[in-house]
Number of protein chains: 2
Amino acid sequence: MHHYPTSFLNNTIFQNIMAKNKNTEQKIFDAATELFIEKGVDRTSVRDIASKAGINLALMNYYFRSKENLFDAIFTNLVKKNTKDLVKILDSDLELDEKIKQYVAAYIDILLKNPLLVSFFMAILHRSREKITEMEVVSLLYGRDKFTQQIIDEGKKGNIRRTDPTHFYVDMISMITFPFAIRPMIMDKNELNDEEFIAFIHERKQHITEMLLKSIKPC
Amino acid sequence: MHHYPTSFLNNTIFQNIMAKNKNTEQKIFDAATELFIEKGVDRTSVRDIASKAGINLALMNYYFRSKENLFDAIFTNLVKKNTKDLVKILDSDLELDEKIKQYVAAYIDILLKNPLLVSFFMAILHRSREKITEMEVVSLLYGRDKFTQQIIDEGKKGNIRRTDPTHFYVDMISMITFPFAIRPMIMDKNELNDEEFIAFIHERKQHITEMLLKSIKPC
DNA sequence: TATTGTTTTAAACTGCATTTAAAACGAAAA
DNA sequence: TTTTCGTTTTAAATGCAGTTTAAAACAATA
């Protein structure tokens with residue numbers, strides 16, 4: 001009979017564990033994060049993590065139960081840390097135009113700053129696409145109740161063309177996100193280096209905003 | 001010293017091998033294809049493939065050298081079979097409007113008909129994003145020389161707004177492709193069943209076309 | 001019939017995540 | 001202080017993955 005420590009994921013008593021297990025658990029968490037960034041999730045073994053964290057192999061399983069769990073913990077942590085602003089913008093009382101502009105720019109900046117976020121997302125989608133619906137934290141990346149209502153309302157008022165909010169939202173996140181997923185392809189086909197790709201992505205902030213606004217502008 | 005059979009990938013003498021090795025090589029290929037569809041690439045082991053094909057474990061490596069290679073062969077085959085039309089449309093002499101409309105519809109139909117294409121693409125992007133640039137066959141999914149020129153020309157002639165063809169093309173494939181990648185998320189958040197999701201995707205044909213055309217319409 | 005190259009086989013090898021069972025540790029109770 | 005008991009750590013084993021090896025079976029042909 002094993003006694004597993006309270007999970008990292010169970011953050012109601014997050015503070016308490018941290019006081020106690022800070023060293024080992026945090027060491028595993030940090031080492032894994034660094035290695036996942038550096039080599040990708042699949043190409044880092046738990047032995048790598050253990051040796052980088054300076055702990056015994058079995059401790060990874062003792063604290064996180066599995067590599068998959070550790071991955072989820074890191075991903076959840078990363079998403080939570082980075083998407084607060086995004087949700088705030090969508091739920092704000094900004095004018096629709098300004099809201100879209102800010103959302104697009106903020107989302108792109110987040111993805112530029114956190115390459116891990118992109119590759120984690122890809123990893124989850126790849127591993128089992130269904131799983132993503134089970135991760136509550138993903139709502140933070142696809143939650144838009146107020147925004148949806150706003151589009152419907154503005155359409156009724158005649159301030160914009162009547163627009164299907166689902167299509168509109170899918171368009172928006174597709175144009176923002178997908179280029180990061182196919183980054184090597186875009187760089188290769190357009191002969192861009194890293195710097196130029198980043199510039200291209202920055203251009204897209206304005207480009208996407210214009211595209212979206214033009215599509216809802218009333219005739 | 002081993003004597004590997006001429007590779008499946010080397011299709012200059014494709015016919016010849018097929019006459020000889022049809023049984024075993026094709027059995028492996030077919031079994032793997034079915035299992036990859038059914039359970040996903042990572043969740044099918046080479047032992048699964050061998051037992052489904054009714055052959056010895058080592059034969060998979062004898063014919064395809066590695067599981068990765070087998071995967072590539074299947075992917076390449078699948079892309080080649082399905083993207084002929086797509087390239088034809090982009091390279092045709094159609095009017096820009098009509099060309100965009102046909103391309104969007106054809107691309108979406110292909111992805112609807114071949115779920116494997118989507119998950120294979122994700123698998124490659126996930127495994128090593130860089131690898132995708134090495135697969136010549138991917139040009140078929142991202143090749144647009146004549147199309148690019150056409151957008152520039154029409155812009156100069158004043159038939160459309162002057163438009164950056166790279167952004168335009170990225171927008172187009174993002175809006176077409178990405179929704180398939182996040183299918184479970186869209187279904188979950190909008191409470192769609194399979195049938196409704198497919199209907200949603202069909203709607204997108206017209207939606208995306210309108211979106212793209214509106215963005216290049218001259219003021 | 002003997003030879004040579006090809007195809008198939010059984011078994012081993014390597015590296016991986018995970019599990020086990022026991023040992024070490026630390027704090028609280030006796 | 002010593003005992004006790006839950007927690008943390010350890011070394012070793014387990015089982016499954018892809019791949020490799022070396023020999024056997026087979027087929028064609030000289």
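Chain A is the first sequence line, chain B the second, and so forth, proteins listed ahead of strands; every chain is numbered from 1.
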Between C1' on D:dT10 and CG on A:Asn61, what's the gap in Å once rounded to a whole number? 14 Å

To the nearest angstrom, how far is B:Phe64 atom CZ from D:dG18 atom P? 15 Å

Can you tell me the distance, in whole Å, between the CG atom of B:Leu35 and the P atom of D:dG18? 12 Å

Ignoring hydrogens and angles, answer whether the base of C:dG15 and the side-chain atoms of A:Arg47 contain a donor-acceptor pair closer than 3.5 Å. no

Taking NZ, NE, NH1 and NH2 as the nitrogens, is one of them in A:Lys52 or A:Asp30 under 4.0 Å from a carboxylate oxygen of the other? no

Would you give me the side-chain donor-acceptor pairs under 3.5 Å for residues 174-185 of chain B, sequence neighbours excluded?
from     : atom 1 : to       : atom 2 : distance (Å)
B:Ser174 : OG     : B:Val170 : O      : 2.6
B:Thr177 : OG1    : B:Ile173 : O      : 2.8
B:Arg183 : NH2    : B:Asp194 : OD1    : 3.0

Considering residues at least two apart in sequence or located in another chain, which fulfil the side-chain contact (heavy atoms from CB on, under 4.5 Å) criterion with B:Ile152? B:Thr148, B:Gln149, B:Lys156, B:Pro165

Nearest whole angstrom, please: distance from the C1' of D:dC16 to the NZ of B:Lys39. 13 Å

OP1 or OP2 of C:dT8 sitting under 4.0 Å from any side-chain N/O of B:Tyr63? yes

A:Phe71 CZ to C:dC16 P, in whole Å, measures 19 Å

Determine, using ring centers only, whether A:Phe71 and A:Phe120 are less than 6.0 Å apart. yes

From the list D:dT19, C:dT18, D:dT9, which nucleotide is the closest neighbour of the side chain of B:Ser66? D:dT19

Among residues 48-58 of chain B, which ones have heavy-atom contacts with DNA chain C below 4.0 Å? B:Asn56, B:Ala58

Nearest-Å distance, CG (B:Leu59) to C1' (C:dT6)? 12 Å

Those residues that, when tested against B:Lys101, pass side-chain hydrogen bond (donor to acceptor under 3.5 Å, both in side chains) (two or more places apart): none

Whole angstroms only, please: what is the CG-P distance between B:Asn69 and D:dT20? 11 Å

Give a yes/no answer on whether the side chain of A:Thr24 brings an N or O atom under 4.0 Å of OP1 or OP2 in D:dT9. yes

Please table the atom pairs, donor to acceptor, closer than 3.5 Å between any side-chain atom in residues 82-89 of chain A and protein atoms at least two apart or in another chain.
from    : atom 1 : to       : atom 2 : distance (Å)
A:Asn82 : OD1    : A:Asn114 : ND2    : 3.2
A:Asn82 : ND2    : A:Leu78  : O      : 2.9
A:Thr83 : OG1    : A:Val79  : O      : 2.7

Integer-rounded Å distance: C:dT7 C1' and B:Ile28 CD1: 11 Å

With the side chain defined as heavy atoms from C-beta on, A:Tyr62 is closest, among D:dT9, C:dT7, D:dA17, to D:dT9

B:Phe200: what forms a ring pair (Phe, Tyr, Trp, His ring centres under 6.0 Å) with it, not counting sequence neighbours? A:His167

